[in-house]
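In what follows, chains are A, B, ... by sequence order, proteins preceding strands, each numbered from 1. Note that the coordinates shown come from a computational prediction; the quantities given were computed from them, not determined experimentally. Quick note: numbers below take in every heavy atom, side chains included, and nothing from hydrogens, waters or symmetry partners.
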Number of protein chains: 2
Amino acid sequence: MPYPAKTSPEAILGAALELLEQGGEDGLSLRALAGRLGVKAPSLYRHYPDKAALEVALVEHGNRRLGEALVAASREGEPEAALEAAARAYLEFARTHPRLYDLMMDARLSALASRESGKAVWNTVLQRVGALTRDPDDTAAAVALWSFLHGYAGLERSGMFGASGPKGGLEAGLRALAAGFKARAG
Amino acid sequence: MPYPAKTSPEAILGAALELLEQGGEDGLSLRALAGRLGVKAPSLYRHYPDKAALEVALVEHGNRRLGEALVAASREGEPEAALEAAARAYLEFARTHPRLYDLMMDARLSALASRESGKAVWNTVLQRVGALTRDPDDTAAAVALWSFLHGYAGLERSGMFGASGPKGGLEAGLRALAAGFKARAG
DNA sequence: GTCTATATGCGGATAGAC
DNA sequence: GTCTATCCGCATATAGAC
């Protein structure tokens with residue numbers, strides 16, 4: 001076998017995830033990715049047509065992972081407890097996979113990703129919010145919660161809360177939103 | 001005068017603001033900035049020691065502008081109306097100066113910027129929130145509101161709300177947070 | 001203070017040999 | 001399928017002439 005395959009789309013995806021989590025602040029680089037796989041950069045083009053295609057695959061993978069985490073966290077009984085658990089799972093995902101999360105929140109990649117991959121995420125948020133507002137399709141409330149979580153994750157990660165920390169801002173926001181959502185039901 | 005000054009720190013700052021607002025998606029480039037001023041890139045180093053110094057100046061400028069906008073918008077009488085007006089002014093700033101806003105939310109630059117420049121922003125948020133919670137220094141509530149606004153601005157800008165739009169998510173979030181904050185007071 | 005020329009580094013992507 | 005060699009573009013930043 002003169003030219004055995006050293007890598008594969010799956011291996012590339014896995015190495016890309018590692019690189020995203022361990023790498024510096026800049027985005028993925030095909031050179032660094034190839035180096036991690038013991039391969040030269042041009043070889044990657046045999047498995048993905050270009051960098052964007054790899055990024056789309058990463059987004060779909062991240063959507064599935066986040067969806068699973070939210071579904072698992074939503075197993076709580078009380079509607080408010082389930083919502084808080086899902087919210088904390090969302091933030092935990094953003095904390096542990098910050099650069100993957102950034103990719104997932106890139107609308108251009110999101111538009112190219114399969115719709116199914118992101119469905120579990122959105123559906124879970126809708127369900128948790130709907131249990132409080134008694135409207136199973138309360139898009140407005142879900143958007144509000146999403147905005148809060150996305151913003152909190154971003155400010156936390158970029159260090160904008162400073163040395164003093166968020167000072168209970170997460171709990172205050174979740175409580176206020178949950179209370180406001182409950183009021184919507186009545 | 002063999003080598004008259006073609007530019008100045010103030011002119012560079014102004015051109016950088018224009019470039020941030022009109023430019024593409026990538027960050028500032030000293031080449032593009034110099035081109036806009038009718039100058040070559042190395043000349044800029046006579047006015048700012050390096051790119052970071054210029055960015056810090058931009059952050060301070062942005063902080064002052066946002067602070068003024070929030071103070072002006074908070075002139076409403078009712079606490080809730082003032083909070084909503086301030087929130088809308090915050091989002092309007094993020095919408096009209098998206099890339100400057102990004103710089104302002106970069107913690108590394110923020111840490112280098114003067115504290116006074118960002119004080120009006122934070123103080124206004126604290127005041128508007130405090131009027132509802134009856135706690136003049138309710139950091140938790142202010143962090144919650146800030147997170148919501150920051151997240152909403154980010155999702156809106158990156159197009160994550162999609163063609164269907166936010167569907168009243170802004171109003172739902174502001175109302176829920178205001179209601180929750182009011183409940184804190186009692 | 002501005003210029004030309006250059007150093008140095010990064011990135012994505014392609015051609016063609018094996 | 002992988003490789004070497006290369007193209008092309010971008011960037012920040014510096015040296016030294018005028």
Indicate whether OP1 or OP2 belonging to D:dC3 is found under 4.0 Å from a side-chain N or O atom of A:S43.
yes
Does A:K6 have a side-chain nitrogen or oxygen under 4.0 Å from the phosphate oxygens OP1 or OP2 of D:dC3?
yes
Residue whose nearest DNA chain C nucleotide is more 5′ - B:R46 or A:R46:
B:R46
Residues two or more places apart in sequence or in another chain: which of them pass salt bridge (Lys or Arg N to Asp or Glu O under 4.0 Å) with A:E156?
A:R95
Show me, pair by pair, the donor-acceptor contacts under 3.5 angstrom made by side chains of residues 29-42 of chain A, not counting sequence neighbours?
{"residue": "A:S29", "atom": "OG", "partner": "A:R31", "partner atom": "N", "Å": "3.3"}
{"residue": "A:S29", "atom": "OG", "partner": "A:A32", "partner atom": "N", "Å": "3.0"}
{"residue": "A:R36", "atom": "NH1", "partner": "A:E18", "partner atom": "OE1", "Å": "2.8"}
{"residue": "A:R36", "atom": "NH2", "partner": "A:Q22", "partner atom": "OE1", "Å": "3.2"}

Scan residues 159-175 of chain A for pairs that pass side-chain hydrogen bond (donor to acceptor under 3.5 Å, both in side chains), counting only residues two or more places apart or in two chains.
A:R88-A:E171
Output side-chain donor-acceptor pairs under 3.5 Å for residues 45-59 of chain B, partner residues at least two apart or in another chain, one line each.
{"residue": "B:Y48", "atom": "OH", "partner": "B:P9", "partner atom": "O", "Å": "3.1"}
{"residue": "B:D50", "atom": "OD1", "partner": "B:A52", "partner atom": "N", "Å": "3.4"}
{"residue": "B:D50", "atom": "OD1", "partner": "B:A53", "partner atom": "N", "Å": "3.1"}
{"residue": "B:K51", "atom": "NZ", "partner": "B:L28", "partner atom": "O", "Å": "2.8"}

What integer distance in Å separates [X]:[atom1] from [N]:[atom2]?
| X | N | atom1 | atom2 | answer |
| --- | --- | --- | --- | --- |
| A:L37 | D:dG1 | CG | P | 15 Å |
| B:Y48 | C:dG1 | OH | P | 13 Å |
| A:L33 | C:dA13 | CG | P | 13 Å |

If the sugar-phosphate is the primed atoms plus P, OP1 and OP2 and the base is the rest, what is the B/S/- string for nucleotides 10-15 of chain D, using protein heavy atoms under 4.0 Å?
-BBBB-
Sequence neighbours excluded and cut-off under 3.5 Å, please list the side-chain donor-acceptor pairs for residues 139-148 of chain A, or say none.
{"residue": "A:W146", "atom": "NE1", "partner": "A:Y90", "partner atom": "OH", "Å": "2.9"}
{"residue": "A:S147", "atom": "OG", "partner": "A:V143", "partner atom": "O", "Å": "2.9"}

For A:E21 and A:T96, which heavy atoms make the closest approach, and how far apart are they?
CG-O, 4.0 Å
